[in-house]
Amino acid sequence: MVDLSLVLSPQTPADLAAIEKLDERAFGPGRFARSAYRLREGVEPDHALSFVARVGTLLVGANRMTPICCGPSPALLLGPLTVDPAFRSGGIGEALVGKSLEAARAAGHKLVLLVGDMSYYGKMGFAPAPPDWLAFIGPVDPARLLYCELVEGALEQAKGKVRRAARADAF
Ligand SMILES: CC(C)(COP(=O)(O)OP(=O)(O)OC[C@H]1O[C@@H](n2cnc3c(N)ncnc32)[C@H](O)[C@@H]1OP(=O)(O)O)[C@@H](O)C(=O)NCCC(=O)NCCS
């Protein structure tokens, strides 16, 4: 019998083509112009913290975690988070985020940022960054710039410009 239960596993380079297809379908070509994409340009995601969801052999969801800098501190940018439309509303998105946060915490990371809807990410521990605390790399709706502390007080240490991680900063 074929096992069709959901399996989450760390992303590998072999998953990239399927992830690209999911992202293209969800966000279209305009995704490359988004401010958050500029933070990811030329920086490898941390594969151990970036998970894919499979049902059988089908890749049905993915989440990425990319090293960034927040003021003087290293941090992670969560996303894009994408779930195949046919598999939405089954908890896959939340499970992918939970897995990435758990792995990041275990690896000693302190702070995670994302650009997204508070109405979705609020229940996963994210909150809007205080006004004027973080200067994002490009235009972003301040209500959608969200953070999650993996260590209490991490945001306090991360005031300033949100920048692409230099290769030397990558974890
Ligand atoms: C957002 C997304 C990843 C959620 O995946 P999922 O596996 O369906 O997520 P979950 O099952 O954990 O949660 C689903 C619930 O969240 C809600 N939800 C989805 N996107 C939401 C949003 N932007 N704001 C508020 N609620 C949202 C759904 O309506 C659903 O509600 P329901 O359970 O009452 O039906 C998926 O809808 C997707 O791929 N969307 C397109 C890409 C995208 O917008 N990614 C997020 C970028 S920040």
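We count ligands from 1, going down the list as the structure has it; atoms in each ligand are counted the same way.
Of the listed residues (Gly61, Ser119, Gly122, Pro85), the one carrying the non-hydrogen atom nearest atom 24 (N) of ligand 1 is Ser119. Within the set Tyr121, Phe87, Phe27, the minimum heavy-atom distance to atom 43 (C) of ligand 1 is found for Phe27.
Those atoms of ligand 1 that come under 4.0 Å of a heavy atom in Ile92, given as number and element, are 7 (O), 11 (O). Near Thr82, meaning under 4.0 Å from any of its heavy atoms, are these atoms of ligand 1: 39 (O). Every atom of ligand 1 is numbered from 1 in the order shown, and the set under 4.0 Å from a heavy atom of Val115 is 48 (S).
Residue contact annotation: Leu114 has no non-hydrogen atom under 4.0 Å from ligand 1. By the 4.0 Å heavy-atom criterion, Gly91 is counted among the residues contacting ligand 1. Using 4.0 Å as the threshold, Gly90 has a heavy atom nearer than that to some atom of ligand 1.
Between Trp133 and Leu145 the shortest side-chain heavy-atom distance does not fall below 4.5 Å. Side-chain contact check for Leu39 versus Thr66: every heavy-atom pair is 4.5 Å or farther apart. Looking at heavy atoms from C-beta onward, Arg64 lies in side-chain contact with Asp23 at the 4.5 angstrom threshold.
To the nearest 0.5 angstrom, Asp15 atom CG is 10.5 Å from Leu22 atom CG. Summarising the geometry, atom CD1 belonging to Ile68 is positioned 9.5 Å from atom CD1 belonging to Ile137; distances are rounded to the nearest 0.5 Å. The CZ atom of Arg25 lies 5.0 Å from the CG atom of Asp84; values are rounded to the nearest 0.5 Å.
Protein heavy atom in closest approach to atom 22 (C) of ligand 1: Asp117 OD2, 3.5 Å. In this structure, the protein non-hydrogen atom closest to atom 33 (O) of ligand 1 is Ser89 OG, 4.1 Å. With respect to atom 7 (O) of ligand 1, the closest heavy atom belonging to the protein is Gly93 N, 2.8 Å. Given atom 4 (C) of ligand 1, the protein heavy atom at minimum distance is Tyr120 OH, 3.4 Å. Of all protein heavy atoms, the one closest to atom 5 (O) of ligand 1 is Val83 CG2, 3.5 Å.
Taking any N or O of Glu94, backbone or side chain, at least one lies under 3.5 Å from an N or O belonging to ligand 1. Between Arg88 and ligand 1, at least one N/O pair is under 3.5 Å apart. An N or O contact shorter than 3.5 Å is missing between Lys123 and ligand 1 by distance.
The same ILVMFWY cluster, assembled from side-chain heavy atoms under 4.5 Å apart, contains both Val60 and Leu81.
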Test side-chain contact (heavy atoms from CB on, under 4.5 Å) on Leu113 and Cys70 and set out the steps.
-> CA-CA 9 Å; Leu113 295 192; Cys70 265; 3.5 Å; yes
Does the pair Asp117 and Arg144 meet the rule for a side-chain contact (heavy atoms from CB on, under 4.5 Å), with working shown?
-> CA-CA 6 Å; Asp117 293 324; Arg144 287 171 49 81; 2.4 Å; yes
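Residue contacts with ligand 1, taken as heavy atom pairs separated by less than 4.0 Å, involve Leu81 via backbone and side-chain atoms alike.
Shown here for Ala53 and Leu96, the closest heavy-atom pair between the two residues is N-CD2, 4.0 Å.
At least one protein heavy atom sits closer than 4.0 Å to atom 9 (O) of ligand 1.
Annotation: Glu41, atom CD; neighbour count of heavy atoms from other residues, nucleotides and ligands within 6.0 Å is above 12.
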